[in-house]
Amino acid sequence: MGAGKATDVSDIQDEDDLDEEPGEVIESAPPLKIGEERELGSFGIKKKLLKRGHGWETPEFGDEATVHYVGTLLDGTKFESTRDKGEPFNIKLGQGQVTSGLDHGIITLTKGEIALFTLPSEMGVVQFEVELVSWISVVDVSKDGGIIKKIIEKGDKIEQPSDLDEVLVKYRVELVDGTVVAETPEEGIEFYVKDAAAGHLCPAFSKAIMTMKIGEKAKLIVQPQYGFAEHGRDASEGVHSIPPSSILSIDVELVSFKPVTDITGDAKLIKKILKEGEGASVANEGATVTISYRAMLEDGTVFEKKGIDGGTPLEFVTDEEQVITGLDRAAATMKKGEWAVLTIHPDYGFGGVEVRRDLTVVPPYSNLTYEVEMVDFIKEKAPWELSNHEKIKAAEKKKEEGNLFHKSGKYQRAAKKYDKATDYVGEEVSFGDDELKLAKALRLSCWLNGAACSLKLNDFQEAIRLCSKVLDVEFHNVKALYRRAQAYMGTADLLLADLDIKKALEVDPQNREVKLIQRSLKQLQVERNKGDAKLYTNMFSWTTEATSMTTKKLKVEKDRNDRKDQETKSS
């Protein structure tokens, strides 16, 4: 059969019969037109497009493709044809199963595409007309061949579960002889990914699930080291015994999953999303939020309800300690319309105190569960959304909030407020003459207050940074010199601390606080000098002892040599 006769003329479409797929790219070049031929890279292969395919995805090396192909010599002599056999051929791409080099052509095809490839071979120059019927993506999950995933049906979303998420899956597990050892009910089974190895099959299962998308169906081939190794597994409820060193074949479908987030990073505030909210915007800190919730103890006892059964939802401002910390911080991460379940450790709940709520008493050290809906929120305005007058007012408010936290000993929260206040009156903001003085004073005051918080938190480097910012503006600011000196003492930079103290006393010779810290510095210097003296004494003692030992050794050597000389003369 001639090269151009492998497909009926009626199957070849005119260029205008089908619009080009958007984004379709072959070898980073413009899409081929029907009947156009192009050389592919440096492989000596030419591709002529006979019929466009569907979509834009193409297979990769390692994938399993199903193709129809007809091989001919240049004179039209047919030497091989799957069409004559009446069924397509399954090929693992990258292994050269048909002929060397053809795989490089197949990976440029989309599903349903037909192309004529001209390539050199052992038979000389040959041509293959190839149709890509379908393919299965093959993923080496473990990167060592231990877990191979064949994607039977692709998922319809981009997101993939993490190890914290709760997934709903269907699976069927077989041994190589076809024995079914485990199978889920028709509706599937729900569990947390991180618990898969412990309660659901083997380590391979959780690794594979984290590579899947919702709706994806796959077949896993699991080697013993990622299954049950040389130990196998005894029969248990719902699972047959698995012999030692068994290879497993697992058909799995990811039906859905509920994202789970460790909000605080210490596993003490966990949020599981039951229903995704709208858009991408979250409430964030400082937002006015409206929520409905049901709050329960660990045993399911409801102790409080808001916005449930006709009740009024709760409105509060996040990051203002108007509710327990766990609810406050979780609300700041939620989208409008989002439903979530919060699991709250006592550290972010009511702590070690007994608290009476609307429906019952919450005992000390209670773990709490909140089922929450974010009804609505209004974000706190960003600095760029405010007028200069509003920026100054907002900065003053944040500073006052910081002062209240500082007075109550909540230095970290206070520092955060001072930092937010400076965002409103930052140096890059343009103010008029009247507002400029106010803005500058607020900025310096918040930097100084922030430095005071850092000292309380033993964050000496941050205190140094903030005081230095003040001194860049006012080099004679006594408070900044005083607090930076304290920070330098905290980092044992006594020389720099001494310089700041002397500068402060030059400006305010009678400043009582600076004089007190100067005394503390002198005491530290005395102790350091004593330590240095002791160190030098020890070093001198060691040197003296070493010198003495060396002298003794030399004397012994000299006496020994003298005796030898004497013996030589006597003989």
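Sequence positions, counted from 1, serve as the residue numbers for this chain.
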Checklist line | Evaluation steps, side-chain hydrogen bond (donor to acceptor under 3.5 Å, both in side chains), between T66 and N90 | finding: CA-CA 4 Å; T66 300; N90 294 325; 2.8 Å; yes
Note to self: salt bridge (Lys or Arg N to Asp or Glu O under 4.0 Å), that's the test. Do E462 and R465 meet it? Break it down for me.
What the structure shows: CA-CA 5 Å; E462 178 63 8; R465 186 185 74 83; 2.8 Å; yes
Margin query: Assess the residue pair K271 and E338 against the criterion (salt bridge (Lys or Arg N to Asp or Glu O under 4.0 Å)); give the C-alpha distance rounded to whole Å, side-chain angles, the decisive distance to 0.1 Å, and a yes or no.
Written below: CA-CA 11 Å; K271 181 181 79 166; E338 180 180 321; 3.0 Å; yes
Next item on the list: Assess whether ring-ring contact (aromatic ring centres under 6.0 Å, His included) is satisfied between F205 and Y171, documenting all intermediate values.
Entry: CA-CA 10 Å; F205 206 54; Y171 63 77; 5.1 Å; yes
Note to self: One pair to check against salt bridge (Lys or Arg N to Asp or Glu O under 4.0 Å): E396 and K398. What are the steps and the verdict?
What the structure shows: CA-CA 6 Å; E396 288 174 339; K398 293 296 178 189; over 6 Å; no
Item checked: Residues E380, K420; criterion salt bridge (Lys or Arg N to Asp or Glu O under 4.0 Å); working and verdict -> CA-CA 12 Å; E380 184 178 48; K420 288 186 95 173; 3.4 Å; yes
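Within the structure, salt bridge (charged side-chain N to carboxylate O under 4.0 Å, His left out) contacts touching residues 276-288 (residues at least two apart or in different chains) are E276-K335, E285-K416. Applying the salt bridge (charged side-chain N to carboxylate O under 4.0 Å, His left out) test to residues at least two apart or on different chains, the pairs with a partner in residues 138-150 are E64-K150, K149-E216. Applying the salt bridge (charged side-chain N to carboxylate O under 4.0 Å, His left out) test to every pair with at least one member in residues 286-303, sequence neighbours left out, gives these pairs: R294-E371.
Counting heavy atoms from C-beta on, the side chains of Y365 and P363 never come closer than 4.5 Å. Counting heavy atoms from C-beta outward, V252 and K217 have side chains that stay 4.5 Å or more apart. Using a 4.5 Å heavy-atom threshold, the side chains of W447 and N449 count as separate. A 4.5 Å side-chain heavy-atom check between L342 and L368 finds every atom pair outside the cut-off. Using a 4.5 Å cut-off on side-chain heavy atoms (C-beta onward), K258 and D165 make no contact. You'll find the side chain of L175 reaches within 4.5 Å of the side chain of P243, heavy atoms only. Here the side chains of L274 and V341 are in contact, with some heavy-atom distance below 4.5 Å. Contact of the E513 side chain with the R483 side chain is not registered, since no non-hydrogen atoms from C-beta on lie closer than 4.5 Å.
Remark: L442 CG to K391 NZ distance equals 13.5 Å, nearest 0.5 Å. Residue K469 holds its NZ atom at 12.0 Å from CG of L448, rounded to the nearest 0.5 Å. Annotation: the span from Y482 atom OH to N477 atom CG amounts to 13.5 Å, rounded to 0.5 Å. I250 CD1 to E183 CD: the interatomic distance, rounded to the nearest 0.5 Å, is 12.5 Å. With rounding to the nearest 0.5 angstrom, the OG atom of S292 is 11.0 Å from the NZ atom of K306. From L254, atom CG reaches atom NZ of K157 across 11.0 Å, with rounding to the nearest 0.5 Å.
The ring pair (Phe, Tyr, Trp, His ring centres under 6.0 Å) check on F316 picks up nothing, with sequence neighbours excluded.
With hydrogens and angles disregarded, no donor-acceptor distance shorter than 3.5 Å links the side chain of R172 to the backbone of D251. Judged by distance alone, the side chain of D63 and the main-chain N or O of E60 form a donor-acceptor pair under 3.5 Å. Checked by atom type and distance alone, the side chain of Q160 pairs as donor or acceptor with a backbone atom of T211 at under 3.5 Å. Of the possible donor and acceptor atoms, one in the side chain of E390 sits under 3.5 Å from a partner among the backbone N and O of S387. The closest donor-acceptor contact from the side chain of K207 to the backbone of S142 lies at 3.5 Å or more, if one exists at all. T318 places a side-chain N or O within donor-acceptor distance of the main-chain N or O of A287, the cut-off being under 3.5 Å. At distances below 3.5 Å, not a single donor-acceptor pair connects side-chain atoms of T301 with backbone N or O atoms of L297. S454 places a side-chain N or O within 3.5 Å of a backbone atom of G450 that can act as its donor or acceptor partner. Side chain of D163 to backbone of V193: no donor-acceptor contact under 3.5 angstrom is found.
Residues G62 and K92 share a closest heavy-atom pair of O-CE, 3.7 Å.
Atom CD1 of I378 has 12 or fewer heavy atoms from other residues, nucleotides or ligands within 6.0 Å. Atom NZ of K272 sits in a crowded spot, with more than 12 heavy atoms from other residues, nucleotides or ligands closer than 6.0 Å. The number of heavy atoms from other shown groups lying within 6.0 Å of CZ (F61) is above 12. Other residues, nucleotides and ligands place no more than 12 heavy atoms under 6.0 Å from the NZ atom of K456.
Checked for salt-bridge contact, K379 and E385 miss the test: no charged N lies under 4.0 Å from a carboxylate O. Taking the charged nitrogens against the carboxylate oxygens, E57 and K154 do have a contact shorter than 4.0 Å, which makes a salt bridge.
For the side-chain contact (heavy atoms from CB on, under 4.5 Å) with Q223, the lone residue among I148, I147, I247 that qualifies is I247.
Residues F460 and Y488 keep their aromatic ring centres 6.0 Å or farther apart.
Between the side chains of T264 and R329, no donor-acceptor pair is found at a separation under 3.5 Å.
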Can I get a per-line list of side-chain donor-acceptor pairs under 3.5 Å for residues 400-413, giving both atom names and the distance, sequence neighbours left out?
from: E401; atom 1: OE1; to: K417; atom 2: NZ; distance (Å): 3.1
from: N403; atom 1: OD1; to: Y418; atom 2: OH; distance (Å): 2.6
from: S408; atom 1: OG; to: L404; atom 2: O; distance (Å): 3.2
from: S408; atom 1: OG; to: F405; atom 2: O; distance (Å): 3.0
from: K410; atom 1: NZ; to: E321; atom 2: OE1; distance (Å): 2.7
from: K410; atom 1: NZ; to: E321; atom 2: OE2; distance (Å): 3.4
from: R413; atom 1: NE; to: E321; atom 2: OE2; distance (Å): 3.1
from: R413; atom 1: NH2; to: D319; atom 2: O; distance (Å): 3.2
from: R413; atom 1: NH2; to: D319; atom 2: OD1; distance (Å): 3.2

Return a table of donor-acceptor pairs under 3.5 angstrom between the side chains of residues 346-359 and protein atoms on other chains or two or more places apart.
from: D347; atom 1: OD2; to: K268; atom 2: NZ; distance (Å): 2.6
from: Y348; atom 1: OH; to: D266; atom 2: OD2; distance (Å): 2.7
from: R357; atom 1: NH2; to: E304; atom 2: OE2; distance (Å): 3.4

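Under a cutoff of 6.0 Å and an axis angle of 45°, K194 and Y192 form a cation-pi pair.
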